[in-house]
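So the structure is just underneath, and the comments pick up after that.
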Amino acid sequence: MSLFTQEKVKYVGTKGLKAGDGFHYYNPDEMINGKKMSEWLKFSVAYWHTMDQRLVDPFGDGTAQRPWDNITDPMEQALAKVDYLFEFLDKMNVEYFAFHDRDLAPEGDTLRETNENLDKVIDKIVEKMQETGKKVLWNTSSLFTNPRFVAGGATAPFADILAYSAAQIKHSLEIAKRVNSENYVFWGGREGYESLLNTDMKREQEHIAKFFKMAKDYANEIGYTGQFLLEPKPKEPTSHQYDTDAATTIAFLKEYGLEDIFKLNLEGNHAYLAGHTYEHEVRVARDAGLLGSLDANMGDKLIGWDIDEFPNDIYEATLVMYEMLKDGGLKTGGLNFDAKPRRQSFTMDDLFLAHTAGMDTYAAGLKVASRLIEDKVLDDVITDRYSSFDSGIGADFESGKVTFKELEDYIIDIPQEKLIESTKSGHLEQLKATLNNYIFSTLGK
Ligand code: XLS
Ligand code: NI
Ligand code: NI
């Protein structure tokens, strides 16, 4: 028996312009760059949005209408939602899901009681996973929702709260092992500060670094081998988040010797908030060898907070997929829809349509990116742009053969005219038009 009235979403191809009949681009078995599309695009449903999100905004109550709304007992509802989740995954043809501990079950009065509630839901999840073959991309722990985390979890200035956080993560790692989570994510919800007037920033950062090492030690102790991921985000909810962006997070990992333990989980909307493009964040991680996973959402350039919109920007998806392909794929990572429909898209149909749009956007981006790579469009431009470093003085510089003095001897008498001649136009407008042409011609077929 079906819980949802909606049908299974199928690939219908590009016939017809109006969306809503099925996937136009997400064709799981289509071969892209030697692999099935579904292998490149390990999509994941985010429990906190898809199952829990009421579509609130800072000024208004939730508008979401969900078929489980009439179940009033919290534990009963928590268990019922598991059935809905698995049917949703099946109907959307999504293989993975992701969750916070607190998404799944209500809290009790003590951590022991809370763990008991949670374990009942996990028991059911494990059963459903065995039955359906669906998998967990990552799980995580909410150290930010409950008022006890008012000043953070692992960076809280209160030792009892730090102890609580450790115990909570310990249990979450046990769950990660039980559900065979491919990754374990830490997003530092309130790990940051509001003002230096009352904050010992160094002490807080030392605490969280030690905390991360202890988490990894515990994972090793219980034989949990999933990839640890840190998720950067700036200025929300605290004014100064310790993991502001990819570069800051990498510097933190290196400062505390954690770069072999962690990779990064990068989110589109967080990139905007940090004043970067999404592809910039992914490139920073890739260059450091630390690209882990993607929270596939996007932001709104006109709104100053994390709106977690479902991806619909093909341009952005193309450039992010380009980085992913260049990195050889996401390995244990995937594309998690840390995304929710708009507050005015409150029906269950909208939830199906939003995921379809998100999956199609990344499938389309993947197709365009793969052609850009095949035709070496950007590679050729970049090879040519840096070619003066492939021989002569440039190569001598790169191989460390010349000193400052020798660079001076080489250049000191070269006239201005010659120097200008050695520069070249970046032809950016032409390049952007070429990119547009690739989008049109790849998707227009
Ligand atoms: C919030 C974050 C959060 C993490 C998981 O902005 O994106 O949803 O992905 O805690
Ligand atoms: Ni996220
Ligand atoms: Ni976010």
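When a ligand or atom number is given, it counts from 1 through the structure's own listing order.
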Identify all N/O pairs between ligand 1 and the protein with a separation under 3.5 Å and present them as a table of atom names and distances.
residue  : atom   : partner : partner atom : Å
ligand 1 : 6 (O)  : Lys233  : NZ           : 2.9
ligand 1 : 6 (O)  : His270  : NE2          : 3.0
ligand 1 : 6 (O)  : Asp306  : OD2          : 2.8
ligand 1 : 7 (O)  : Glu231  : OE2          : 2.7
ligand 1 : 7 (O)  : Glu267  : OE1          : 2.6
ligand 1 : 7 (O)  : His270  : NE2          : 3.2
ligand 1 : 7 (O)  : Asp338  : OD2          : 2.8
ligand 1 : 8 (O)  : Trp48   : NE1          : 3.3
ligand 1 : 8 (O)  : Asp338  : OD2          : 2.9
ligand 1 : 9 (O)  : Glu231  : OE1          : 2.7
ligand 1 : 9 (O)  : Glu231  : OE2          : 2.9
ligand 1 : 9 (O)  : Asp295  : OD2          : 3.0
ligand 1 : 9 (O)  : Asp338  : OD2          : 2.9
ligand 1 : 10 (O) : His100  : NE2          : 2.6

- Using 30° and 60° as the class limits, which term best fits the ring planes of Trp48 and Trp138: parallel, tilted or perpendicular? tilted
- Task: For the residue pair Tyr193 and His240, categorise the inter-ring angle as parallel (less than 30°), tilted (30 to 60°) or perpendicular (more than 60°).
- Result: parallel
Pair [X] + [Y]: basic N to acidic O under 4.0 Å:
X     : Y     : result
Lys42 : Glu95 : no
Lys8  : Asp90 : yes
Asp52 : Lys81 : yes

- Task: From the options Glu309, Glu267, His49, select the one residue that forms a side-chain hydrogen bond (donor to acceptor under 3.5 Å, both in side chains) with Asn297.
- Result: Glu267
- Query: Step by step, would you call Tyr362 with Tyr26 a ring pair (Phe, Tyr, Trp, His ring centres under 6.0 Å)?
  - Reply: CA-CA 8 Å; Tyr362 269 91; Tyr26 184 59; over 10 Å; no
- Evaluation steps, ring pair (Phe, Tyr, Trp, His ring centres under 6.0 Å), between Phe212 and Phe186: CA-CA 9 Å; Phe212 285 149; Phe186 293 84; 5.0 Å; yes
- Task: Anything protein N/O/S under 2.8 Å from the Ni ion (ligand 3)? Just list residue and atom, please.
- Result: Glu267 OE2, His270 NE2, Asp306 OD2
- Task: Please confirm whether Phe88 and His355 have ring centers closer than 6.0 angstrom.
- Result: yes
